[in-house]
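First comes the structure, then the notes that go with it.
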Amino acid sequence: QAADSYTTAIALAMLVIAGGFPFAFLLLFLAREFWVATVRRFAALGHVEIPSHVFGKLATAIIYWSLLLMAVALMLDVPATTAAWLEPVALVSMGVGLLLSWIAAWRYTRVLLRRAA
């Protein structure tokens, strides 16, 4: 889990630096990862198991996909016409992935709050 978060954050940071994604996407990703790690750690201390949610799994897949699309658009020698449609698709995909990841984070938080009460 942690290794996935680290490598994804590094890839996203590299693509932010390369000019593909806005810095806000990196901030949203990192804030979500810190939040979920905190929720899961707190749950573990209370012996509360938080199952993964389909939104979290889907978010991860979409975020990985958008990283790939943006990397291809920026770092490979693709025609400008190809990069012109890859970049917006990657941006929208990342936005959708981040939204789904925050929805999953909220669900994890609700599970913890319900079981801790």
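What you are looking at is a predicted structure, and each value in this text was computed from that prediction instead of being measured.
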Audit row: Leu86, Met70, side-chain contact (heavy atoms from CB on, under 4.5 Å) steps and yes/no: CA-CA 7 Å; Leu86 279 175; Met70 189 60 78; over 6 Å; no

Between CE on residue Met14 and CG on residue Leu67, distance to nearest 0.5 Å: 10.5 Å

Derivation of the side-chain contact (heavy atoms from CB on, under 4.5 Å) call for Phe21 and Leu91: CA-CA 7 Å; Phe21 289 116; Leu91 283 166; 3.7 Å; yes

Glu49 side chain near Val111 side chain, heavy-atom distance below 4.5 Å: no

Closest approach of Ala104 to Gly56 (non-hydrogen atoms, all atoms of both residues): CB-N, 3.5 Å

Member of Ile103, Ile62, Ile63 meeting the side-chain contact (heavy atoms from CB on, under 4.5 Å) criterion with Leu98: Ile63

Donor-acceptor contact below 3.5 Å, side chain Arg110 vs main chain Ala105: no

Donor-acceptor under 3.5 Å (Thr82 side chain, Val78 main chain): no

Side-chain (Tyr64) to main-chain (Thr8) donor-acceptor, under 3.5 angstrom: no

Verdict with supporting geometry, Leu15 and Phe25, side-chain contact (heavy atoms from CB on, under 4.5 Å): CA-CA 10 Å; Leu15 291 168; Phe25 280 11; over 6 Å; no

Heavy atoms from other residues, nucleotides or ligands near CH2 of Trp102 exceed 12 (cutoff 6.0 Å): yes

Hphob cluster co-occupancy, Val96 + Met94, side-chain heavy atoms under 4.5 angstrom: no

N/O donor-acceptor pair under 3.5 Å between Arg32 side chain and Ser101 backbone: yes

Leu12-Leu30 co-clustered via ILVMFWY side chain contacts under 4.5 Å: yes

Same cluster (ILVMFWY, side-chain, under 4.5 Å), Trp85 and Leu69: yes

Cluster overlap Val72 with Val89, hydrophobic side-chain contacts below 4.5 Å: yes

Rounded distance (nearest 0.5 Å) linking atom CZ of Arg114 with atom OG1 of Thr109: 11.5 Å

Inter-residue atom distance Phe34.CZ - Phe29.CZ, 0.5 Å rounding: 10.0 Å

Linked, directly or transitively: Trp65 and Val92 (ILVMFWY side chains, under 4.5 Å): no

Leu113 side, atom CG; Tyr108 side, atom OH - distance, nearest 0.5 Å: 15.0 Å

Donor-acceptor pair, side chain of Arg40 and main chain of Ile50, under 3.5 angstrom: yes

Steps toward side-chain contact (heavy atoms from CB on, under 4.5 Å) verdict (Glu87, Leu74): CA-CA 8 Å; Glu87 289 182 31; Leu74 294 178; 3.7 Å; yes

Where Ala83 and Pro88 come nearest, the two heavy atoms and their spacing: O-CD, 4.3 Å

For Val16 against Pro22, the heavy-atom pair lying closest together: CG2-O, 3.7 Å

